[in-house]
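Below you'll find the structure, written out as structure tokens, and then a few comments.
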Amino acid sequence: MTIATASFSINLGAYKPLALDPTNPNLTNEQRETLKANIQLCRDAIVFFTATGAAKGLGGHTGGAYDTVPEVVILDAFFRGAPDKFVPIFFDEAGHRVATQYLMAVLHGELSAESLVHYREAGAKLPGHPELGLTPGVKFSSGRLGHVWPYINGVALANPNKVVICLGSDGSQQEGNDAEAARLAVAKNLNVKLIIDDNDVTIAGHPSDYLPGFSVAKTLSGHGLNVNEGDGEDLDDLYRRISQAVTTQGPVALVNKRKMAVGIEGIEGSTHGHDVIPVDKAIAYLEKRGLTEAVRYLKSIQKPKHSDTFTGSGDKWDSNRNVFGDAVVSVLSRLSETERKEKVICIDSDLEGSCGLKKIHDAYPEIFISSGIMERGNFSAAAGFGMEKGKQGIFGTFSAFLEMCISEITMARLNYSNVLCHFSHSGVDDMADNTCHFGINNMFADNGLDDGYETRLYFPADAAQMKACVEAVFFDPGLRFIFSTRSKTPNIVDVNGKNLYGEGYTFTPGKDEVVREGTAGYIVSFGEGLYRALDAVERLKQQGIDVGLINKPTLNVIDEETLAKVGKAPFVLVVESFNRRTGLGSRFGTWLLERGLTPKFAHLGTHREGSGGLWEQFPHQGIDPEGIINKVKELVG
């Protein structure tokens, strides 16, 4: 096996493939030593190549993949030793453990070792979750957390004489999908084996703290599974338990207890091990292991910078997802403690640091509930609190997970609930996790009837507008969805270079805003698309094409005055990072036609599978300033 290359600093050729008989629960000394060496080699490699993602600002979840190496290496030996007994795929319901999939693809000769140092880069086809058909050697798409077990129940039904493996985690087991999957697996005695890493760590905390009473083992046992709990770092016992599980007919869950990122100084047992290992911690680990070439490589990496400047915007970049939390805290500060506790509750789904809810948690812990990875149940709890007039539920998570909550949103609407929802990580900007984490179907939140309980969708363009939006809609009745991006956005300025949403600005729900006037036609945009569209507009004006720009921060309400204005122009171009099939553009053309307005109409949005990377996702979809300019020139002929 010749896997080592000049550009990958750890000799993966040292991996010794084992072919082991799963019916033999005991290891020889030689087999044990080989497994130990393979485990250490794989853990070293995962620390190294995920840290290249950290060094480039790409992120990339080290801890989970690092943790589960012992069980993966044992399973690899079983797949090789009894190929006819297994569906030989390392199915994993914790998709962010993608480093496992890439490393095993290399060890099986399906992916080059040197590609690993391009982990999560744009165009490298190594995104933050495995995607079938994109990466050589990847045999399934994991989608979002906790979605794989129900799926592979079907794989087991299709392969009744084979064992199907599902690598799990205590985090993914919090999702309600798994309760349904467990019941079917038990009812049909499916030959599914769950190998669960139970390290008591998720993104925002420790399940033993925020979900006291929750036990992975007891929960699965209650569903009727055969459950075996043990130490994931005791190699002989782990081997014996996996051997027993895969040779026992029917669904079995192995719950492996260990600390997160065991053995890595500075992050072992902490939430910091969940995401990508910091470069300094990786260097310290690799130095201790004597891997000087890997250390040298990490130290040589220069973090790429997005050097583009955007005409029409200022130089103050801010994170709207965090500004949301600041704005809510500002509103809450004007209530008495008694009013806050009586009227407001904020429920998190393990993403408080990512969605800005941590600001609320820190300021007013008495109204904050740290909950688990249970988006549907948490949304409904916030809605139930907000069922009574004058009370307000606050809920936040990633926009990609909005699709999971559609039925619960309908329930909230039917019960006239008051919920202020913050869905961050909307669109595609900065999304190295790639397609499954794109927040592009947000318009699904507006799924009621015309005469139903009010639902409003808001997507502010910069930090100042986010603050003004929260201030304006906080106490409104109904369902309010406020979207933000993972990426920072710059301040939008007017034709005189002053902040468009600065002092004296008031956000008016339902009102579109003219950012630039124009005679050749209008671009309509919002959110992180606005500053890119503004750059295109300014550059087009310099070229003699007088294009106007409309900001539509309320996505699902028709502003008749602005619609009439743009509908009389020569063309209208909607630019967004939402799904081209389901976004604003899919509605806007209809609104025009219903009013007898017939400008040339076009629509740019997300329409391709992702490319990985960060800002590179926008040009990949053709919604960067260059793509917008080209489309406008096509429209004006």
> Heavy-atom count around E503 CD within 6.0 Å, excluding the residue itself: above 12?
Replying inline: no
>> Is the shortest side-chain heavy-atom distance between E471 and F507 below 4.5 Å?
In response: no
>> Once you measure the plane-to-plane angle for H61 and H274, does it fall in the parallel (<30°), tilted (30-60°) or perpendicular (>60°) bin?
In response: perpendicular
> Where do V473 and D476 land on the side chain to side chain contact (heavy atoms under 4.5 Å, CB included) test, with the steps shown first?
Replying inline: CA-CA 5 Å; V473 309; D476 286 353; 3.8 Å; yes
> Could you walk me through whether S169 and S172 pass the side-chain hydrogen bond (donor to acceptor under 3.5 Å, both in side chains) check?
Replying inline: CA-CA 5 Å; S169 69; S172 56; 2.9 Å; yes
>> Could you tell me if T202 and Y210 have a donor-acceptor pair between their side chains, going purely by distance under 3.5 Å?
In response: yes
>> Any donor-acceptor pair under 3.5 Å linking the side-chain atoms of E616 with those of H306?
In response: no
>> Can you give me the closest heavy-atom contact between G612 and N434, atom names plus distance?
In response: N-OD1, 2.7 Å
>> Return the CD1 to NZ distance between I367 and K341, rounded to the nearest 0.5 Å.
In response: 10.5 Å
> Looking at R539 and E626, does any basic side-chain N land under 4.0 Å from a carboxylate oxygen?
Replying inline: yes
> Is it true that D362 and K358 make a salt bridge, defined as a side-chain N closer than 4.0 Å to a carboxylate O?
Replying inline: yes
> Would you find more than 12 non-hydrogen atoms of other residues, nucleotides or ligands less than 6.0 Å from H620 atom NE2?
Replying inline: yes
> Between Y531 and W317, how do the two ring planes meet: parallel, tilted or perpendicular, split at 30° and 60°?
Replying inline: perpendicular
> Aromatic rings F395 and F379: how do their planes relate, parallel, tilted or perpendicular, breaks at 30° and 60°?
Replying inline: perpendicular
> If you measure from CG on N551 to CD1 on I523, what distance do you get to the nearest 0.5 Å?
Replying inline: 12.5 Å
>> Quick one about Q617 and D430 (side-chain donor to acceptor, distance below 3.5 Å, no hydrogens or angles considered), yes or no?
In response: no
> Hey, are the side chains of Y522 and E517 touching, using non-hydrogen atoms and a 4.5 Å cut-off?
Replying inline: yes
> Are any of the side-chain heavy atoms of R120 and P127 separated by less than 4.5 Å?
Replying inline: no
> Could you state the interatomic distance from OG1 (T50) to CG (L58), rounded to the nearest 0.5 Å?
Replying inline: 11.5 Å
> Do F483 and L402 touch side chain to side chain, with heavy atoms closer than 4.5 Å?
Replying inline: yes
> Is the count of non-hydrogen atoms from other residues, nucleotides or ligands lying under 6.0 Å from E609 atom CD greater than 12?
Replying inline: no
> Have R580 and T606 got a donor and an acceptor in their side chains that come within less than 3.5 Å?
Replying inline: no
> Taking atom types as modelled and ignoring hydrogens, do the side chains of S371 and D348 form a donor-acceptor contact shorter than 3.5 angstrom?
Replying inline: no
>> If you define the side chain from C-beta out and look only at heavy atoms, does anything of N447 sit under 4.5 Å from F444?
In response: no
> Will you find, in the side chains of N418 and R480, an N or O donor that is under 3.5 Å from an N or O acceptor?
Replying inline: no
> With a 4.0 Å cut-off, would you call K552 and E513 a salt bridge?
Replying inline: no
> Under the salt bridge (charged side-chain N to carboxylate O under 4.0 Å, His left out) criterion, do D446 and R587 qualify, and how do the steps go?
Replying inline: CA-CA 12 Å; D446 182 24; R587 301 184 181 195; 3.0 Å; yes
> Can you name the nearest heavy-atom pair linking W591 to L555, along with the distance?
Replying inline: CH2-O, 3.7 Å
>> If we count only N and O atoms by modelled type, under 3.5 Å, do the side chains of T311 and D535 hold a donor and an acceptor together?
In response: yes
>> Assess, by modelled atom type and distance only, whether the side chains of N491 and N499 contain a donor and an acceptor separated by less than 3.5 Å.
In response: yes
> Is it the case that Q465 and Y505 place a side-chain donor and acceptor less than 3.5 Å from each other?
Replying inline: yes
> Salt bridge between K511 and E561, side-chain N to carboxylate O under 4.0 Å?
Replying inline: yes
>> Looking at E175 and R144, is any side-chain nitrogen of the basic one under 4.0 Å from a carboxylate oxygen of the acidic one?
In response: no
> Side chains of S380 and E408: do they bring a donor and an acceptor to under 3.5 Å?
Replying inline: no
> Do the rings of H96 and H129 sit parallel, tilted or perpendicular, given the 30° and 60° boundaries?
Replying inline: perpendicular
> Looking at side-chain heavy atoms only, is the closest gap between L500 and V493 below 4.5 Å?
Replying inline: no
> Side-chain donor-acceptor pair under 3.5 Å between H422 and S484, yes or no?
Replying inline: yes
> Heavy-atom count around N496 CG within 6.0 Å, excluding the residue itself: above 12?
Replying inline: yes
> Ring centres of F526 and Y458 under 6.0 Å apart?
Replying inline: no
>> Is it the case that the side chains of S487 and T485 hold a donor-acceptor pair, with the cut-off being a distance below 3.5 Å and no angle test?
In response: yes
> Is the closest basic N to carboxylate O distance between E342 and R340 below 4.0 Å?
Replying inline: no
> Does D209 CG have over 12 foreign heavy atoms under 6.0 Å away?
Replying inline: yes
>> Assess, by modelled atom type and distance only, whether the side chains of S330 and S333 contain a donor and an acceptor separated by less than 3.5 Å.
In response: no
>> Taking CZ in F474 as the centre, count heavy atoms belonging to other residues, nucleotides or ligands within less than 6.0 Å. Is the count above 12?
In response: yes
>> Taking D512 first and then K565, would you say they form a salt bridge - that is, a charged N and a carboxylate O separated by under 4.0 Å?
In response: no
>> Determine whether T397 and M404 satisfy the following criterion, side chain to side chain contact (heavy atoms under 4.5 Å, CB included), listing intermediate values before the conclusion.
In response: CA-CA 11 Å; T397 188; M404 298 161 59; over 6 Å; no
> Do the non-hydrogen side-chain atoms of E352 and K359 ever get within less than 4.5 Å of each other?
Replying inline: no
> Please walk me through it: do E131 and T435 pass side chain to side chain contact (heavy atoms under 4.5 Å, CB included)?
Replying inline: CA-CA 8 Å; E131 295 188 10; T435 307; 3.6 Å; yes
>> For the CD1 atom of I345 and the CD1 atom of I394, what is their distance to the nearest 0.5 Å?
In response: 9.5 Å
> Which of these, D429, D624, T489, sits in a side-chain hydrogen bond (donor to acceptor under 3.5 Å, both in side chains) with R532?
Replying inline: D429
> Could you state the interatomic distance from CG (L414) to CD1 (I409), rounded to the nearest 0.5 Å?
Replying inline: 12.0 Å
>> As an exercise, state the distance from OG of S319 to CZ of F324, rounded to the nearest 0.5 Å.
In response: 12.5 Å
>> side chain to side chain contact (heavy atoms under 4.5 Å, CB included), that's the test. Do S354 and R321 meet it? Break it down for me.
In response: CA-CA 7 Å; S354 299; R321 56 190 171 113; 4.0 Å; yes
>> Suppose we call two aromatic rings close when their centres sit under 6.0 Å apart. Are H425 and F401 close by that rule?
In response: no
>> Regarding D318 and K467, does a basic nitrogen lie under 4.0 Å from an acidic carboxylate oxygen?
In response: no
>> Would you say S142 and E93 are linked by a side-chain donor-acceptor pair, where the criterion is simply a distance under 3.5 Å?
In response: no
>> Can you confirm whether the side chains of Q173 and D178 place a donor and an acceptor under 3.5 Å from each other?
In response: yes
> Is the count of non-hydrogen atoms from other residues, nucleotides or ligands lying under 6.0 Å from R595 atom CZ greater than 12?
Replying inline: yes
